[in-house]
Amino acid sequence: MSEDHAVSALDEDAARSELARLAGLLAAADRAYHQADAPEISDADYDALKRRYAAIEARFPHLRALDSRTGMVGAPPAEGFAKAVHAVRMLSLENAFAATEVTAFDARVRRYLGLTPEEPLAYTAEPKIDGLSLSLRYEGGRLVLAATRGDGETGEIVTANARTIADIPATLAGAPELIEVRGEVYMAQADFAELNARQAETGERTFANPRNAAAGSLRQLDPAITAARPLRFFAYAWGALSEPLAGTQMGALARLAALGFPTNPLTRACDGPQALLAAYRALEAQRATLGYDIDGVVYKVDDLALQRRLGFRAATPRWAIAHKFPAELAWTRLLAINIQVGRTGALSPVARLQPVTVGGVVVSNATLHNEDYIAGRDARGTPIREGRDIRPGDWVQVYRAGDVIPKIADVDLAERPPGTSPWVMPDRCPECGSDALREAGDSVRRCSGGLICPAQAVERLKHFVGRAAFDIEGLGAKQIEAFYRDDQLPIRTPADIFTLAARDAANPTRLKDRDGYGERSVQKLFQAIEDRRTIALHRLIFALGIPHIGESTAALLADSYRSWAAFEAAMTAATIGEGPEWQALVGIDGLGEVTAAAVVATFHQERERMAIDALVAQLMVEDAAPRAPADSPVAGKTVVFTGTLERMSRAEAKARAEALGARVAGSVSARTDLLVAGPGAGSKAAKAAELGVTVIDEDAWRALIGDA
DNA sequence: GTGCCTCGAGTTCC
DNA sequence: CTCGAGGCAC
């Protein structure tokens, strides 16, 4: 059996049966591993199966939905917890801090849905529990998988621990065949105090706050310890479902409660932003008496059909927002201001603080953004902190933005030591001595050294091995730092990673004989590198670290050019500002001139170009995956929307068209297949007529895609 | 030119 | 997680 024969050779039918076969093998291996604790196959073989499964899925993404196992494919690692890919991503929420942001949220939702301010729109408001989120998968009414949120994409499997939590039912009666219940694991304040007292008595570590205690308790390798911890659970959402729970958020919560899950009794139905704000004020007033920590209120559009229409941005749903309570503040001394150099050369000032506890966490660093922020004004020159600047030695007020990132809110001028002067941004890179320049209209100062600057080179390499790029296991930030400075076996460019094993073999002192490395870990590292020699086009483009090219834009480029050969040829032939290759590039919807120029410039810079060529020579670059299924009438077609759309917003129309496999462009060209013109269509309609492009109105479009 | 919506880049602590 | 700014519609 050849697990590694080419995925690219499979046709769709073969892929479907192969997925089913692999799913069977993986399921059997999972059962053996989790239940009997006696694996039938080696970890390496399991990994090979899993990789092949993922490769086929990546190539035929629309087959993914056919297989309910997808969410459970997880490799048991050597230590710690196995990972599970969530069948439906666990997203985070956009945050709001002011009442105006809540009314803006309502306005945005209405605009997207095409509702007037007068039309009714129901919301829910529920307390935002300060714990950690957990996804519980039930099949046939039995709890089969519990996974933490992780990065939203992949979480850790904590099923055995979840089973010990009294609030979480082991079985459900009358539930859908498949249901993923999502909610928050938390610890009540009284239980937390008691636990900490007990921990202190027995000389064990105490926890800083209930959330840390809950997180630490859930992530115990020994479920017996979790069982002894007073964890609780509130259900508030769901992931994969074999049948809908209800038509509204409130209805779904009632259904979850009927299935035996605790749901928060303070959840309220609200008929508009004023009611949402009233619910917020009520919860804020009750906060101290609840017995558990909450850090804000979550607002959701109640109607689930509307939630579906609103859909998602890159990382957050459009139909929900978290209104956070004001952050806790603390005063401390600013000891120094240091400079960090990022991968784009940006010089970032970082505050070194006298350690201080803010919201249950000891903070000793804080971001200072840029020189304007330190000087007390924002990018537009508007004063912040009433224009007070920040100087080393100052007495400063610290808070954690979004309860995470430490920032400096204010300065007490009365406490300022005498004889200080305003802090000045260095005009040379502290890492390489190159000039640090601030372009007109830019808020950051950048090191001009490029790849000559060791700090930039290292940061570029860290980006390269990052999770959305090459994601090489065993080669993280720390290892990159070490290899960059290593004289015997250096990694200074991305291509060096892929020659690592061969160079090591030729060295008198082998890596496996060094301190900190063993035979096994070196073998694993080399294998992880080998696994990534084959790389998806979008990952490669993202990994190059071109300014302005993040994950989304890299995927956009990969999808537009399909293959590395086509992309590379076009970028090589292109000149900035003119010519057919340039026109094609800036014609991509969502990609403008600044971004396009950055890509073309990179391919024409000698040093960058040599690094790219040396890298690609080491790789097998996979073409972009085939588009959405070809069974929709607009699949593969290039569509342009113009004029005012009356029954849907432009963003919604675009999202819907893309889901059906169409490419949505911003302007009409000879490559346009269809122009959807609403009232008020101007030059685009004229151009379409000129080019002979089919023009239809909104109703005809809805009929075409089957939206009656 | 203005205003919205996203994305990109940099950041902390566990 | 936030800020700045690119891209696009109006």
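Letters A, B, ... are given to chains in the order of the sequence lines, protein chains preceding strands, and every chain is numbered from 1. Since we're looking at a predicted model, the values are computed, not measured.
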Phosphate OP1/OP2 of [N] contacted by [X] side-chain N/O (<4.0 Å):
X	N	answer
A:N365	B:dC13	yes
A:K407	C:dC1	no
A:T367	B:dT12	no
A:S552	B:dG8	yes
A:S348	B:dA9	no
A:R343	B:dA9	yes
A:Q340	B:dG10	no
A:R318	B:dC5	no
A:T344	B:dG10	yes

Atom-pair distance ([atom1] on [X]; [atom2] on [N]), nearest Å:
X	N	atom1	atom2	result
A:Y373	B:dG10	OH	C1'	14 Å
A:R352	B:dC13	CZ	P	8 Å
A:R445	C:dG4	CZ	P	17 Å
A:E94	C:dC3	CD	C1'	14 Å
A:Y399	B:dC13	OH	P	15 Å
A:L93	C:dC1	CG	C1'	13 Å
A:D589	B:dC7	CG	C1'	14 Å
A:R438	C:dA5	CZ	C1'	14 Å

Open item on the list: Check this for me, if you would: do A:D389 and A:R391 make a salt bridge, where the nitrogen-to-carboxylate-oxygen distance has to be below 4.0 angstrom?
Closed with: yes
- [ ] Give a yes or no on whether a salt bridge exists between A:K462 and A:E459, defined as a side-chain N under 4.0 angstrom from a carboxylate O.
- [x]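 Yes, A:K462 and A:E459 are salt-bridged.
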Task: Aromatic plane relationship, A:H323 with A:Y299 - under 30° parallel, 30 to 60° tilted, over 60° perpendicular - done: perpendicular
TODO: State which of C:dG7, B:dC4, C:dT2 makes the closest approach to the side chain of A:R111.
DONE: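 Output: B:dC4.
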Task: Nearest listed nucleotide, side chain of A:V594, among C:dC1, B:dC7, C:dG7 - done: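 Closest nucleotide among those given: C:dG7.
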Task: Earlier contact from the 5' end, DNA chain B, for A:H463 and A:A366 - done: A:H463
TODO: Determine the contact category for A:V350: base if any of its heavy atoms lies under 4.0 Å from a base atom, sugar-phosphate if only primed atoms, P, OP1 or OP2 are that close, otherwise nothing.
DONE: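 Sugar-phosphate contact only - A:V350 comes under 4.0 Å of backbone atoms but never of a base.
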Task: Donor + acceptor pair across side chains of A:T602, A:Q605 (<3.5 Å) - done: no
- [ ] Give a yes-or-no answer on whether the side chains of A:Q220 and A:N161 include a donor-acceptor pair shorter than 3.5 Å.
- [x]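 Their side chains do not contain a donor-acceptor pair, so the 3.5 Å distance test is not met.
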- [ ] Flag the pair A:D435 / A:R428 as yes when at least one side-chain heavy-atom distance between them is below 4.5 Å, and no otherwise.
- [x] yes
